[in-house]
Asks: 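Below: one structure in structure tokens.
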There are 2 protein chains.
Amino acid sequence: MRSGYGWLHQNFRGGGPPPTLPRRYIINIFTTQRGHLSAEDVFTKVQKLYPRTGFATVYRTLDLLRREGILRRFEFGDGRARYELADQNFHHHHLVCRQCGRIINYSDFTKEEEELFRRIEKALKKKYDFAIDSHQLHFYGLCARCQKSKKEEL
Amino acid sequence: MRSGYGWLHQNFRGGGPPPTLPRRYIINIFTTQRGHLSAEDVFTKVQKLYPRTGFATVYRTLDLLRREGILRRFEFGDGRARYELADQNFHHHHLVCRQCGRIINYSDFTKEEEELFRRIEKALKKKYDFAIDSHQLHFYGLCARCQKSKKEEL
DNA sequence: TCCTTATTGATAATGATTCTCAATAGAGTA
DNA sequence: TACTCTATTGAGAATCATTATCAATAAGGA
Ligand SMILES: [Mn+2]
Ligand SMILES: [Mn+2]
Ligand SMILES: [Zn+2]
Ligand SMILES: [Zn+2]
């Protein structure tokens with residue numbers, strides 16, 4: 001019957017799935033600290049707030065929140081998926097350190113990027129009849145610290 | 001002593017690792033057909049050419065060729081890594097269908113992209129002291145076929 | 001040929017993620 | 001409140017891609 005749930009957390013759309021305790025805790029984790037969290041990261045953090053939480057619930061909730069558009073999912077190449085809050089006021093892309101895995105958000109050139117990407121999307125839609133809903137741009141390299149430690153090796 | 005190997009396959013740099021049979025077969029697979037192959041894809045194809053090949057060798061070789069700069073590795077979100085030939089004459093990005101996993105190469109706007117990305121890289125290097133060596137841009141959405149099958153569902 | 005080292009293939013191990021299923025929680029109803 | 005019905009949960013097993021182990025083999029160099 002799925003009704004009467006719209007009142008709870010603003011991040012859940014009215015009529016959607018019920019905002020249960022673990023779900024709210026997990027949302028809180030993402031809203032209170034900006035990070036790129038793996039399932040394990042989230043599990044550890046929820047445990048402290050709500051120790052009975054199981055790993056399966058964390059995975060299920062992360063996927064639920066992704067489907068609801070609350071979280072975005074990334075694969076940066078370290079073998080585990082990472083999630084962050086989908087904040088349309090903070091559109092950004094990522095710098096990924098190949099050595100230590102550090103991830104840096106950057107939002108420079110947003111204007112120009114958006115301009116170019118809009119045109120690309122339009123052209124691709126026309127050329128390939130492809131309905132684009134999102135994009136990801138990752139730059140890979142070495143962070144400042146890892147460049148230093150590499151020099152010291154020599 | 002690692003010498004005398006430079007003569008074999010042009011794709012291996014002189015003095016590098018020896019171009020053994022399975023390695024050459026795997027390179028051939030990538031040079032003869034342009035695709036985004038998973039380890040399993042490659043395994044199946046090598047099997048036909050050189051049936052004694054083991055899975056471990058495929059994984060090891062894919063990683064070797066990536067380190068040598070011959071292959072590029074991608075994660076498109078379907079849970080398995082995919083590889084393609086690193087062809088600097090065909091710089092391109094990808095369209096990924098969320099439904100069926102189809103991957104389309106596109107190389108429109110290369111000029112403008114490169115222009116913008118060069119500036120971004122420069123700025124990020126300055127701002128974050130980050131040594132960028134590559135980037136990946138993925139557009140996600142629905143391919144033509146999957147859009148149709150979605151309409152037919154209704 | 002003999003020595004030495006790199007590569008290989010079979011297999012076991014790992015690690016992230018998903019599945020299964022019985023127990024529980026909670027909304028709606030009388 | 002007690003009862004019914006469904007969705008959610010947690011524990012653990014299962015899956016799947018990838019890595020590690022290790023003994024056997026191949027190939028260069030002396
Ligand atoms: Mn981010
Ligand atoms: Mn490609
Ligand atoms: Zn680093
Ligand atoms: Zn498709």
Side-chain angles (χ1 to χ4, degrees), chain A residues 1-9 12 14-27 36-68 71 73-83 101, chain B residues 1-9 12 14-27 36-68 71 73-83 101:
Chain A
M1 295 293 163
R2 204 164 271 316
S3 70
Y5 290 128
W7 52 273
L8 253 174
H9 197 290
F12 276 104
T20 61
L21 228 34
R23 285 175 186 169
R24 279 185 280 168
Y25 278 121
I26 290 179
I27 288 186
H36 307 90
L37 306 179
S38 67
E40 194 185 359
D41 295 338
V42 175
F43 176 74
T44 306
K45 287 178 191 289
V46 203
Q47 281 279 314
K48 290 177 187 156
L49 303 169
Y50 190 64
R52 71 167 59 176
T53 313
F55 234 118
T57 299
V58 171
Y59 275 103
R60 279 185 296 235
T61 303
L62 290 174
D63 195 54
L64 171 68
L65 297 178
R66 180 192 58 74
R67 291 193 313 269
E68 291 290 312
L71 295 182
R73 180 198 154 101
F74 295 95
E75 287 177 20
F76 291 117
D78 66 342
R80 60 190 63 188
R82 291 180 176 278
Y83 295 82
Chain B
M1 288 296 160
R2 199 166 271 317
S3 71
Y5 291 128
W7 52 274
L8 254 173
H9 198 290
F12 276 102
T20 61
L21 228 34
R23 285 174 186 170
R24 278 185 281 169
Y25 278 122
I26 290 179
I27 288 187
H36 306 91
L37 305 179
S38 66
E40 195 186 359
D41 294 338
V42 174
F43 177 72
T44 306
K45 287 178 191 292
V46 202
Q47 281 280 314
K48 291 176 186 157
L49 303 169
Y50 191 64
R52 70 166 59 174
T53 314
F55 233 119
T57 299
V58 171
Y59 274 104
R60 279 186 296 236
T61 304
L62 289 174
D63 196 54
L64 170 68
L65 297 177
R66 180 192 57 75
R67 292 193 312 270
E68 291 289 314
L71 295 182
R73 180 200 155 102
F74 295 95
E75 287 176 19
F76 291 117
D78 65 342
R80 60 192 62 191
R82 291 180 175 279
Y83 295 81

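None of these values were measured; they are calculated from a predicted model.
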Asks: Side chain of A:R60 only, heavy atoms from C-beta on: which candidate in C:dC21, C:dG9, C:dA16 is closest?
Replies: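 The answer is C:dC21, which lies nearest to the side chain.
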
Asks: Looking only at the side chain of A:T20 (C-beta and beyond, no hydrogens), which of the listed nucleotides C:dT17, D:dT18, D:dT9 gets closest?
Replies: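 Of the options given, the side chain of A:T20 lies nearest D:dT9.
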
Asks: From C:dT17, C:dC19, C:dT11, pick the nucleotide closest to the side chain of A:A56?
Replies: C:dC19

Asks: Would you kindly give the CD-to-P distance between A:E40 and C:dT18, to the nearest whole Å?
Replies: 15 Å

Asks: If I take atom OG1 from residue B:T20 and atom OH from residue B:Y50, how far apart are they, to the nearest 0.5 angstrom?
Replies: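 Reported to 0.5 Å precision, the distance equals 7.5 Å.
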
Asks: Calculate the interatomic distance between A:D41 atom CG and C:dT17 atom P; express it in whole Å.
Replies: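 Nearest whole value for this atom pair: 11 Å.
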
Asks: What is the distance, to the nearest angstrom, from the CG atom on A:L21 to the P atom on D:dG10?
Replies: 10 Å

Asks: May I have the step-by-step check of salt bridge (Lys or Arg N to Asp or Glu O under 4.0 Å) for A:D63 and A:R66, ending in yes or no?
Replies: CA-CA 5 Å; A:D63 195 54; A:R66 180 192 58 74; 2.8 Å; yes

Asks: Is there a side-chain polar atom (N or O) of B:T57 under 4.0 Å from OP1 or OP2 of C:dT8?
Replies: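 So the side-chain polar atoms of B:T57 never come under 4.0 Å of the phosphate oxygens OP1 or OP2 of C:dT8.
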
Asks: Taking the nucleotide of DNA chain D with the nearest heavy atom to each, does B:R80 or A:F55 sit closer to the 5' end?
Replies: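 Nearest nucleotide further toward 5': that of A:F55.
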
Asks: Give a yes/no on whether any side-chain N or O of A:R52 is located under 4.0 angstrom from OP1 or OP2 of D:dG10.
Replies: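 No, no such contact exists.
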
Asks: Can you see which heavy atom on B:P22 is nearest to which on B:T57, and at what distance?
Replies: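 Result for this residue pair: CB-CG2, 4.1 Å.
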
Asks: Determine: side-chain N/O of A:Y59 to OP1/OP2 of C:dT17, distance under 4.0 Å, yes or no.
Replies: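 Yes, such a contact exists.
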
Asks: Round to the nearest Å and state the distance from B:R82 atom CZ to D:dC16 atom C1'.
Replies: 14 Å

Asks: By the 4.0 Å heavy-atom rule, please label B:T53 as base, sugar-phosphate, or nothing.
Replies: sugar-phosphate

Asks: What is the distance from CD of B:E75 to C1' of D:dT18, rounded to the nearest Å?
Replies: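 Going from CD in B:E75 over to C1' in D:dT18 covers 11 Å.
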
Asks: From the set D:dT18, C:dT17, D:dA17, return the single nucleotide nearest to any side-chain atom of B:A39.
Replies: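 It is D:dT18.
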
Asks: Using 0.5 Å steps for rounding, measure from the CZ atom of A:R82 to the CG atom of A:D41.
Replies: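 A:R82 CZ to A:D41 CG: 5.5 Å, rounded to 0.5 Å.
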
Asks: Report the nucleotide, chosen from C:dT17, D:dT9, D:dT8, that has the shortest atom-to-atom distance to any side-chain atom of A:P17.
Replies: D:dT8

Asks: Indicate the ring-plane relationship of B:F43 and B:F55, choosing parallel, tilted or perpendicular according to the 30° and 60° boundaries.
Replies: parallel

Asks: Return the value, rounded to whole Å, for the distance between atom OH of A:Y25 and atom C1' of D:dT9.
Replies: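 After rounding, the gap between these two atoms is 15 Å.
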
Asks: Rounded to whole Å, please give me the gap between CG in B:L62 and C1' in D:dT18.
Replies: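 So the CG-C1' distance, B:L62 to D:dT18, works out to 11 Å.
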
Asks: To the nearest angstrom, how far is A:F43 atom CZ from D:dT9 atom C1'?
Replies: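 Checked: the CZ to C1' distance equals 13 Å.
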
